[in-house]
Amino acid sequence: MARAVRRAFKYRFYPSAEQACELARTFGCVRRVYNMALQARTEAWTLRQERVNYNATSALLTGWKKTEELAFLNEVSSVPLQQALRHLQVAFTNFWAKRAKYPTFKSKKRSRRSAEYTTSAFQYRDGRLTLAKMTEPLNIVWSRPLPEGASPSTVTVSQDAAGRWFVSLLCLDVIEQVPATGAVGIDAGLDSLLTLSTGEKITNPRHERADRARLARAQRELARKEKGSANRAKARLKVARVHARITDRRRDHLHKLSTRLVRENQTIVIEDLTVRNMVKNHHLARAVSDAAWRQLRTLLEYKVDWYGRALVVVDRWFPSSKLCSACGALAERMPLHVRSWTCRCGQTHDRDVNAAGNILAEGLSVIACGDGVRPQRESSRTGQSSAKQEPPRVTKGIPVLL
């Protein structure tokens with residue numbers, strides 16, 4: 001079996017001076033149009049209690065282009081400007097559905113520099129991509145081939161803080177549905193990034209710690225430079241390159257790890273961790289952020305959908321570490337420094353392996369009770385989790401180990 005999915009393929013490219021100038025103008029126009037449309041929609045609601053939709057902002061854009069002050073909007077492709085209005089509409093839709101906060105203005109210094117082109121604004125032929133308003137194709141480094149016969153439906157060009165240029169092509173790809181029968185429980189940690197219910201421990205690479213000295217040195221050099229100077233701009237790029245190196249290595253590791261877990265197991269059970277609250281602990285915030293558990297969960301969520309797997313998210317209050325996987329007794333306390341413990345039944349547990357086994361058992365019981373196996377994103381807001389479907393609490397009836 002196979003499944004067709006929409007998948008983005010991201011590549012780095014090196015624009016010529018003319019192309020870089022054209023893209024920089026496009027980024028600026030996209031940001032300007034987005035901010036003006038957001039301001040218009042905000043004023044319409046504040047002053048007249050009127051909701052302005054995408055069609056109304058598109059009409060406003062036509063009028064803006066005819067003014068002398070905004071005539072420069074005609075110098076770039078109109079498609080990225082229209083796409084910016086569509087993105088704003090999506091942002092408001094998410095806000096009205098209470099899935100996101102109210103949209104904010106794009107900043108020249110902090111916001112992502114990007115522009116999105118649809119099929120009418122680019123030409124892709126024989127591995128050569130040419131954007132609207134450009135005469136030469138982009139110099140793309142094809143680090144991996146596109147799917148055979150793929151035709152991009154959307155192209156997104158972006159530039160990161162380190163000055164690197166990227167192009168992302170959205171294509172239709174076919175994912176082979178390889179059968180798998182295994183089930184695994186995953187306990188996240190800091191000493192070991194992940195501990196599997198099979199007993200395997202995956203080492204935490206600690207990417208940020210490996211480059212901490214280099215990052216500190218680059219930040220000290222940046223702090224010495226005068227604000228607004230050319231040397232400060234160069235120093236800022238050095239800091240951004242260190243951050244980019246850390247981010248790229250972490251993302252690559254998590255992609256390989258999540259793909260391996262999804263391909264080898266039919267059912268994956270994880271905890272519903274509240275990373276937002278964990279980083280409030282100033283002693284662990286840096287290590288928790290470097291582990292990137294939230295990013296790993298995001299990767300697992302869409303990959304299990306690609307491969308036809310099941311992802312179960314266990315309630316965050318489930319006592320996986322304090323529960324004996326052999327007799328079911330519940331320890332009264334389990335401080336973080338305790339890495340192994342002995343139950344009154346005589347069973348000695350490795351804290352992480354025991355927790356992973358309990359997480360797997362709880363996830364399988366959730367499936368047996370007929371609960372959904374997809375990630376329950378609403379659980380963090382409603383307080384109702386897939387592990388709380390039965391009336392009794394998950395710990396009711398479990399003897400407490402005193």
Side-chain angles (χ1 to χ4, degrees), residues 8-39 57 61 64-65 70 72-92 94 100-101 103-118 120-122 124 129-134 136-141 143 152-170 218-219 222 227-230 232-248 250-251 295:
F9 293 81
K10 190 175 182 179
Y11 304 92
R12 188 172 180 181
F13 74 97
Y14 297 86
S16 63
E18 294 78 8
Q19 291 174 339
C21 185
E22 174 65 26
L23 290 173
R25 282 199 302 268
T26 303
F27 294 159
C29 292
V30 166
R31 183 177 61 253
R32 182 71 178 271
V33 168
Y34 184 94
N35 288 342
M36 290 192 303
L38 175 57
Q39 182 177 1
T57 54
L61 176 59
W64 292 336
K65 289 183 175 181
L70 300 174
F72 60 87
L73 295 177
N74 295 290
E75 298 176 4
V76 302
S77 173
S78 62
V79 173
L81 306 184
Q82 294 289 344
Q83 291 299 102
L85 299 180
R86 291 188 174 93
H87 294 164
L88 180 61
Q89 178 64 35
V90 172
F92 270 101
N94 291 333
K101 295 182 179 179
T104 58
F105 292 102
K106 290 184 178 292
S107 168
K108 182 177 181 180
K109 294 183 178 180
R110 295 184 299 274
S111 298
R112 180 170 179 259
R113 295 162 54 87
S114 65
E116 185 175 281
Y117 297 79
T118 56
S120 61
F122 69 86
Y124 177 76
L129 178 66
T130 306
L131 302 179
K133 299 289 185 177
M134 295 185 185
E136 297 294 329
L138 300 180
N139 181 19
I140 301 176
V141 180
S143 54
S153 59
T154 303
V155 169
T156 303
V157 180
S158 60
Q159 185 184 27
D160 66 2
R164 303 178 300 177
W165 295 85
F166 295 95
V167 58
S168 180
L169 294 84
L170 185 64
Q219 289 174 330
L222 174 63
K227 291 186 178 181
S229 65
R232 184 178 178 85
K234 295 177 183 178
R236 186 200 63 79
L237 277 179
K238 290 182 179 180
V239 174
R241 290 191 186 107
V242 178
H243 278 295
R245 169 186 165 89
I246 296 171
T247 302
D248 290 346
R250 180 188 297 123
R251 185 190 303 113
Q295 185 178 6

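Hydrogens, waters and symmetry mates play no part in the numbers below; they use all other heavy atoms, side chains included. FYI, the numbering just counts along the sequence from 1.
Using modelled atom types, one finds a donor on one side chain and an acceptor on the other under 3.5 Å when comparing Q83 with R86.
Remark: K238 NZ is loosely packed, at most 12 non-hydrogen atoms of other residues, nucleotides or ligands lying under 6.0 Å away. For Q219, the CD atom is densely surrounded, since the number of other residues' heavy atoms within 6.0 Å is greater than 12.
Residues satisfying the side-chain hydrogen bond (donor to acceptor under 3.5 Å, both in side chains) criterion with R164, sequence neighbours excluded, are D160, D248. Residues passing the ring-ring contact (aromatic ring centres under 6.0 Å, His included) test with F27, sequence neighbours excluded: W165. Residues satisfying the side-chain hydrogen bond (donor to acceptor under 3.5 Å, both in side chains) criterion with E22, sequence neighbours excluded, are R25.
Taking every heavy atom of both residues into account, P15 and A20 meet most closely at CB-N, 4.0 Å. The shortest non-hydrogen separation linking V157 to L131 is CG2-CD1, 3.6 Å. Across all their heavy atoms, L38 and P103 have their closest contact at CD2-O, 3.8 Å. Nearest heavy-atom pair across F13 and L23 is CZ-CD1, 3.9 Å.
Distance alone, capped at 3.5 Å, places no donor-acceptor pair between the N139 side chain and the S16 backbone. With hydrogens and angles ignored, the 3.5 Å screen pairs a side-chain donor or acceptor of R236 with a backbone N or O of A161.
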Is there a side-chain contact (heavy atoms from CB on, under 4.5 Å) between R32 and L70? Walk through the geometry before answering. CA-CA 10 Å; R32 182 71 178 271; L70 300 174; 3.5 Å; yes
Apply side-chain contact (heavy atoms from CB on, under 4.5 Å) to L73 and L61, showing your working. CA-CA 9 Å; L73 295 177; L61 176 59; 4.2 Å; yes
Show, in sequence, the C-alpha distance, side-chain angles and deciding distance for R232 and L222, and conclude whether the side-chain contact (heavy atoms from CB on, under 4.5 Å) test is met. CA-CA 6 Å; R232 184 178 178 85; L222 174 63; 3.8 Å; yes
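Considering only heavy atoms from C-beta on, F92 stays 4.5 Å or farther from N94 through its side chain. Counting heavy atoms from C-beta on, the side chains of S77 and T26 never come closer than 4.5 Å. Here the side chains of H243 and V239 are in contact, with some heavy-atom distance below 4.5 Å.
Here the OG1-CD distance, from T247 to Q295, works out to 8.5 Å after rounding to the nearest 0.5 Å.
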